[in-house]
Amino acid sequence: MAEVRYAKAINMALDEALSEDPSVVLFGEDVAQAGGPFGVTRGLLDKHGELRVRDTPISEATIVGAAVGAAMSGLKPVVEIMFMDFVAISMDALVNQAAKARFMFGGQCTVPMVLRTPHGGGVNAGPQHSQCLEAWFAHIPGLKVVVPSNPSDANKLLKAAIADPDPVIFIENKAMYSLKGEMSETEEDVAIGKARIARSGTDVTIVSYGAAVNTALAAAKTLAQSNIEAEVIDLRSIQPWDEAAVLESLSRTHRLVILHEAVTSFGVGAEIAARMADIGFDELDAPIVRVGAPFMPVPFAKSLESQYLPNTDKVIAAVEQVLA
Amino acid sequence: MAEVRYAKAINMALDEALSEDPSVVLFGEDVAQAGGPFGVTRGLLDKHGELRVRDTPISEATIVGAAVGAAMSGLKPVVEIMFMDFVAISMDALVNQAAKARFMFGGQCTVPMVLRTPHGGGVNAGPQHSQCLEAWFAHIPGLKVVVPSNPSDANKLLKAAIADPDPVIFIENKAMYSLKGEMSETEEDVAIGKARIARSGTDVTIVSYGAAVNTALAAAKTLAQSNIEAEVIDLRSIQPWDEAAVLESLSRTHRLVILHEAVTSFGVGAEIAARMADIGFDELDAPIVRVGAPFMPVPFAKSLESQYLPNTDKVIAAVEQVLA
Amino acid sequence: MKSTKAGKPASKSQLLDFYERMLLVREAENKLSSLFADGEVPGFIHLSIGQEAVCVGVTAALEKQDTLASNHRGHGHALSKGVELESFFLEIMGKEEGICGGRGGSMHVADMSVGMLGANGIVGAGIPLAIGSALAHQVRKNDAIAVVFFGDGALAEGVLHESFNLAALWKLPVLFVCENNGWSEFSPANLQFVANVRDLAKAFDIPSQCVDGNEILDVHKAAEELTAAARRGDGPQLLECITHRVRGHFEGDPQKYRTEEEMTSLSEHDPITKFEKLVATKRITKKEMQSVRDKINQKISNAVDAGRGGSDPDFERARTDVYTAGEGL
Amino acid sequence: MKSTKAGKPASKSQLLDFYERMLLVREAENKLSSLFADGEVPGFIHLSIGQEAVCVGVTAALEKQDTLASNHRGHGHALSKGVELESFFLEIMGKEEGICGGRGGSMHVADMSVGMLGANGIVGAGIPLAIGSALAHQVRKNDAIAVVFFGDGALAEGVLHESFNLAALWKLPVLFVCENNGWSEFSPANLQFVANVRDLAKAFDIPSQCVDGNEILDVHKAAEELTAAARRGDGPQLLECITHRVRGHFEGDPQKYRTEEEMTSLSEHDPITKFEKLVATKRITKKEMQSVRDKINQKISNAVDAGRGGSDPDFERARTDVYTAGEGL
Ligand SMILES: Cc1ncc(C[n+]2csc(CCOP(=O)(O)OP(=O)(O)O)c2C)c(N)n1
Ligand SMILES: Cc1ncc(C[n+]2csc(CCOP(=O)(O)OP(=O)(O)O)c2C)c(N)n1
Ligand SMILES: [Mg+2]
Ligand SMILES: [Mg+2]
């Protein structure tokens, strides 16, 4: 099995989709000639031509609006918004148009578009280039939200997202682009909405998604040294999210920690916790503890950002708390 | 004590703020000459003049961006976005500018602006004119989010919002504009971040905000007939929200239902539930149940919308569930 | 649908066709107005009475596979693009059998089978949708074009500017149609927008025409020329139509903000009266016109009956139809 | 800060002042470049080397109470508006003593005490901020104006259009400064935006000038005229400055997308070399220029020392400073 970087795994999925399906088109700022600000789309213009791989001006509202219109007219657009923070400019097209069209037109059309965008800190990019805003999208009926945690999943989930008839927000992690990982070649089912047990354990369930899954795994490794066996669930997608898988794990471990990089308050973890405090209540032997970013903008300075971001220590502390 | 309508109570607060503080200005679409699409700003142009009360073109991104710039330059702008759904167009100004400025500039400035906008259904306005998107704002450090449930609170909380040095999203409810209520004249503390016990009870705590508080009260009344005494907590603001008040009530009732009109999944109620499943875990005698809208866009047809919206029956069913 | 070669005088059958289409829109909206007043139409409705020459004149220059993005005042756009009348009434009356299952209503009438991509509740939002649709036509090389209708009020939205630029940059087959009726809700156009839309288009090298939007032959001729240009690969085109909104912004709006003078002058501009005068001097008889009117009235009356006979939408069906795969997902 | 009457030839002291200010920006950025390469500056930095005549020429026409909204390439805007050099370096190096407490860094340098409303990480976002700031000046009748700097890439953002309109409608005292350096990240301007910004401004009745942005006297003269117009109530004004980005989009960008020809021609446009040649023919001696250079170098070196001597920001202080009332709220 080959090792590839996260960015390359995404590139491969895009290349494959463009090769296989003439209705797939790709556009965004600096994605064509320059191959993308993080190199993710390198080579695709040369290979697939300028009709289908296009650079756009800096017009996020129209980039996403055009993706919706194109998706309603026979294409499968994959658009890139350079940093997730800039999606703020495109929210109307996503929320009022893409998310609603199928429903409000009575199922007459689908909106098979994918919006790729990187979230997350770790590169000192400051308060307007580091946010994790996925909770916004997860709250909107009609959108799907996928957040892969490793190269192999990124590849398979992106292909699934492009094939999906509904609009998908595909969230990458800028600090992970150069991460290497094996490309799984099993027939294992990598589907939007299906979680994966990233590590089995019996003492506590840690639910996470995206890059934070790796933090959870590192924490689990350390915990194992103290004979605490944490089960780590990688949600893979947060809308829909695999509540059955979480409940099943909880019914074995009876303790739950939720981890993500986004701000804890009103974040994705809130829904998971709330749901388990309802349908999983009888399984719970301890308070549900969430680990995420504190309620503050992502700070610039290295020392500040490193204290801001969730890390293994914080996960370990949370696990110890629910086991206390 | 005088009875006034919700819309008028807001109008009075705006009038008072404009009268008392020359740095308060008001702008938005059709707010000046026409007195606002719902009549909320009627008379303010005539009384306070066109320098300070202005109609704008249909440019939501710039309306809110200009409010931020004005707030950083000595004014206290109060802007209106006609329907909350349209705030999608202004998210950059709110989230990347207003919410961040104080923090990212090291506390050098405040952004004393208020964005007024109505959410909610009930008038068959359809999928793009009925959404409750407050969870988006509550997730963003730097913003405050206020949602009054009655005319008196609307009046006092709006004055508090205008006086607040930080950016406040002030959420009205379009179905409530004509609702009449007494203007409380007590010295009671109506502060952003302080909940109110709208009804005392011992058997279950129902936490809500905005128009839904009235649904909760109606449900509580019905429940009382079966000797179930529900305590209803009106959060008044959801960012910050009064977690101490909720915890205190829960420690007496041991059962929690959360109600709002917004979509349940990833909604405001998720955070309340998650928090109580953590710090309130030992107080809980039953699963936490949330009542909100199903995971679908707000439908247009009367029959669909009436089934979509939360109502007393759903609240009663939830209470019965946690008491079962 | 396309019926004249640009420049050629209209034939009798075409004139009758224009008349029929305009009357259809007019009478459908007159009926919606009374249904609304009677509580049979819920929500907000925005009528385009007085503006019928624009939608009819433009759509008559389109082919079926052409796509159309509309705005909140979209009844005329929908009907003249070919949305079936009964499913249109059923929708606006909130019925299961409506073209959108009663989920959208007046502000969201769409019919993909005739390229009607939807009315839109968000001012300006249809513009980038049309850009995307035009992109699809360009990539798919299907000879179709996209058209978008927007009002003078939408000119102030930034997406117009972005879309002018992108359309020009990519030479997209799109026709921008500005229905300039002088009002944006309760505010007059001159207090809303400083520029002339044609000057803006010119800055982006987008050719344009401005016509009296209440003269259907003028609208149609311009639309024929501009759609032909867009179709042959000349890139985006703009048509500004000066017109008049006769009713309030929405039904129920007492229009206190308009002068009596303006209100009384509106009838002078009525595109249907104008058209009737014009054709009376040609070969169309009173009787022929009456028979068109009768036909339309019958159609409308059937549609209202159909609308009334429709059923309340099924909630479970709606709730599980948010995603393509349905609830199970 | 304002120093010449529009049209008057610059005095010797003013020329020396221009020289000093341009050198300050240049040498500060040269130093940031090397600090970045050495890992002493985290994050992304965008240098304006080659563009110094724009920020200096414009800000020299401003008063202290005038406000300035900037963009991601904002070091020059900040320094020439008067942000103190040590707190500037401390900020960009991520220190507690930085002007923003190390929370913002290069993309967010702001100093309210000199009307610098902040660099901005969102392309175009400064434009509506300046509109709001100009509104504040107009309402407060304080004779101040607002200025906003944006690049050619920002022209494609819808907020430009919206802000042109609102500024024109409200006759706001604002100067729009477009720094047209021909590149938007890795894409050339001609593949990004079709219109000329002055044509757009004209459509909104906004007067404008276009100057060689590498000639400080031209920039300054135009800025004097336009700021005077804005200040006296003539409404918004636009200044387009044609200039050249010498470094990559950000430090670390190898600029493979630029031709060798373009890269080698850049030195011809250097505003500082040009200025040195120009003033050499006037009354300024080599020695005088050298002493300016020495002064600047000393300042920079002190600022770097200060930056290095700064402390890591206190996390708890930052965390509790999100709202004005602090954590307790
Ligand atoms: C983004 C957005 N802002 C505001 C509104 C409220 N609104 C609906 S129609 C309208 C005026 C539109 O005027 P115009 O575009 O000229 O169309 P007309 O109504 O005259 O046909 C406004 C402000 C909206 N629906 N969407
Ligand atoms: C809204 C938004 N979109 C995209 C970016 C990424 N980005 C940063 S600078 C830039 C190019 C800006 O070009 P221009 O405005 O000409 O300024 P220059 O860099 O040339 O000074 C882009 C695309 C951003 N920061 N914000
Ligand atoms: Mg109009
Ligand atoms: Mg540039």
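Because only heavy atoms are used, hydrogens play no part in the values below, and waters and symmetry mates are left out as well, while side chains stay in. Protein chains get the first letters and strands the later ones, always in sequence-line order, with residue 1 at the start of each.
Counted within 6.0 Å of CG on D/Asp234, heavy atoms from surrounding residues, nucleotides or ligands total more than 12; the atom is thus considered enclosed.
Interface residue C/Leu155: only backbone heavy atoms are found under 4.5 Å from chain D. When heavy atoms are compared at a cutoff of 4.5 Å, D/Asn165 approaches chain C by way of both its backbone and its side chain. The part of D/Leu191 that comes within reach of chain C is its backbone (N, CA, C, O), which places non-hydrogen atoms under 4.5 angstrom from that chain.
Taking all atoms of both residues into account, the shortest heavy-atom contact from D/Gln192 to C/Leu169 is O-CD2, 3.6 Å. Heavy atoms only, all atoms of each residue included: D/Phe204 and C/Leu200 are closest at CE1-CD2, 3.7 Å.
Taking C/Asp199, C/Leu166, C/Val194 one by one and counting their heavy-atom pairs under 4.5 Å with chain D, the maximum is reached by C/Val194.
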